[in-house]
Amino acid sequence: MRQVFVAGVGSTLFGEHHDSSITELAVNAVNAAIKDAQIDRNATGALYLGNFVGGQLTGQEVLAGLVADKARLPCVPSTKVEGACASGGIAFRHAWLSVAAGICDVAIAVGVEKMSHATTSQVTAALNCAMDMERDGASGLSFPGLFGLAYRMYESKYGEVRQKVSSVVVKNKQNGLSNPLAQMGATVSAIEVENSMLIADPLRLFDCCPISDGAAAAVLTSGAYITEHLHRTGYELPVEVLGSIQTRGVPFISGHSSLCSFQATVEAVQKIYDSTGIGPKDLDFVELHDCFSIAEILDSEDIGICPRGEGAHWAHEGRTAVGGEIPINPSGGLLAKGHPVGATGLGQVYEAVCQLRGNHPNQVRNASIGLTHNLGGTGVACVVNLLRRADA
Amino acid sequence: MPEVNPLICCESCGKLDLSRTRWCTNCGGESFIAATSKGVGRLISWTVIRRSSAAFRDLGVYAVAIVDLKEGIRLIGRLDQHEPPPTIGDEVQIIKWVEHVPIFTVEHQ
């Protein structure tokens, strides 16, 4: 496998884009990433596009080909990938594979979703398709419901954590407030979180990420290409992709021995730590899949940032704040930045690259290694990426 | 007519599963027979769905539960009611199946 670099990233605002079509959102992100990378778009050898519910909510398919055409990319293989909320991460990994395997020197990954024009009921029905509809979906369970079930299992194992779980929301909302791309940054108190309306007991409104539109993209290149390219343009050092791992977990809820952990995450981080020799203690920050407040706690334990049962305490004690020992979701995460489902995995890469370049609005001091974590469905798909500042 | 119990069990190892399964998750066996179950189990977790998709709107506000049956299968279904709130570990009983979904009632002491 060849060394792979992220030469450029681009993103739309995450939020409501009533005047842009789903393809326009994706094209805007791709164009921003190409401009950021300062590459010739004709050098592109492949495009991977992550999207989950575009067909259902916008009635538009063949997004990869449409976006490639509108972005004036050459007629190269353009592929849409779907893995529920991990679709963006999977697109990134496939672009990485294309370059790492030597198929091409430049590959573009883009993720996009457009959801805010639909009713909450329509969005809920569309997202529910990420469950096994025979085993789980038939019960009437929703995704907030899945994490409501997880929350109660976590409390039954480790004791009452409401106040500490609220700390995750308070932190991420505050981080989102200073991220110009974020949809729902805010200064909120734990009391406000605990008084917001119940959605899926014990989860409340502020425990849930918003419904979002948005797109994010990354340009991945080989080391040979970037060397020549840097020589030509003399722009800032790119970010190296140390590893990109995708795993497949159990696709239905009863297959998990506990909802306090997702095997797909545990296996993905184990593989990336083993293959790179980098461990959780070496990470300077993490952008992880906090679709719900409790998810950040489960993920932080699965990733090995903190011991089992300690995730909520760590958040409450400020150890995962921007200035803490291991900042989690300095972007505001899905809870505050938003969750345009197919775009989320690439939105995380965008945030990580900004951190590693040292120009993030919530900059982590001396950030040189960051991990992104993107989880799909009821734990059926996971992608983790390990990124490093190239001069580190 | 009430819906029949859709559970099956692996002919080789006896593990229970749902009828739409193609292979036994325990031993890999591919042959199944109809299973008998008393429908008694323990509540593993539960939540109340207050925002559902249109397909479930007729149910209003309803509780979804994870239950481990005594015969060794984990099921996702609904509680017939969630007031008073049940406690994890409570004994539950399947009272009926609706479109392959088990409906549980909490056996209050």
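All heavy atoms count here, side chains included; hydrogens, waters and symmetry mates do not. Letters A, B, ... are given to chains in the order of the sequence lines, protein chains preceding strands, and every chain is numbered from 1.
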- Smallest separation among heavy atoms of B/Ile49 and A/Ser142, with atom names: CD1-OG, 3.6 Å
- In terms of heavy-atom proximity below 4.5 Å to chain A, should B/Val64 be classed as side chain, backbone, both, or neither? both
- Message: I need the B/Ser45 OG to A/Lys157 NZ distance, nearest 0.5 Å.
- Response: 13.0 Å
- Query: Picking from B/Ile88, B/Thr87, B/Asp68, B/Ile73, which has the most non-hydrogen pairs under 4.5 angstrom with chain A?
  - Reply: B/Ile88
- Task: Return the option, out of B/Glu99, B/His82, B/Arg74, B/His100, with the maximum number of heavy-atom pairs under 4.5 Å with chain A.
- Result: B/Arg74
- Message: Around atom CD of A/Gln163, are there more than 12 heavy atoms from other residues, nucleotides or ligands closer than 6.0 Å?
- Response: no
- Message: Among A/Ala200, A/Pro202, A/Ala126, A/Gly140, which residue has the highest count of heavy-atom pairs closer than 4.5 Å to chain B?
- Response: A/Gly140
- Query: For A/His256, what residues pass the ring pair (Phe, Tyr, Trp, His ring centres under 6.0 Å) criterion, not counting sequence neighbours?
  - Reply: A/Phe262
- Message: Under a 4.5 Å cutoff for heavy-atom pairs, which residue among A/Leu259, A/Leu141, A/Ile253, A/Val123 has the most contacts with chain B?
- Response: A/Leu141
- Could you give the distance from CG (A/Asp201) to CZ (B/Arg50), rounded to the nearest 0.5 Å? 4.0 Å
- Residues in side-chain contact (heavy atoms from CB on, under 4.5 Å) with B/Ser53, at least two apart? A/Thr124, A/Ala125, A/Asn128, B/Ala55, B/Phe56
- Query: Going from CD1 on B/Ile66 to OG on A/Ser254, what distance comes out if it is rounded to the nearest 0.5 angstrom?
  - Reply: 8.5 Å
- Message: I need the residue from B/Val61, B/Leu75, B/Asp17 with the largest number of non-hydrogen atom pairs under 4.5 Å to chain A.
- Response: B/Asp17
- Message: Counting only non-hydrogen atoms closer than 4.5 Å, can you tell me which residues of residues 143-153 of chain A sit against chain B?
- Response: A/Gly145, A/Gly148, A/Leu149, A/Arg152, A/Met153
- Message: Quick check for you: to the nearest 0.5 Å, what is the distance between A/Ser258 atom OG and B/Ile44 atom CD1?
- Response: 10.0 Å
- Can you sort out the partners of B/Lys15 under side-chain contact (heavy atoms from CB on, under 4.5 Å), two or more places apart, ordered by chain and number? B/Cys13, B/Cys24, B/Thr25, B/Asn26
- Task: Would you give the length of the straight line joining atom CG of B/Leu18 to atom CG of A/Asp132, rounded to the nearest 0.5 angstrom?
- Result: 9.0 Å
- Query: Is B/Glu83 atom CD crowded by more than 12 heavy atoms from other residues, nucleotides or ligands, each under 6.0 Å away?
  - Reply: yes
- What closest approach, in Å, do A/Ala138 and B/Arg78 show between heavy atoms, and which atom pair accounts for it? O-NH1, 3.8 Å
- Would you kindly say whether B/Arg51 and A/Thr120 are connected by a side-chain donor-acceptor distance under 3.5 Å? no
- Query: For the residue pair A/Ser121 and B/Ser52, what are the closest heavy atoms and their distance?
  - Reply: OG-O, 4.0 Å
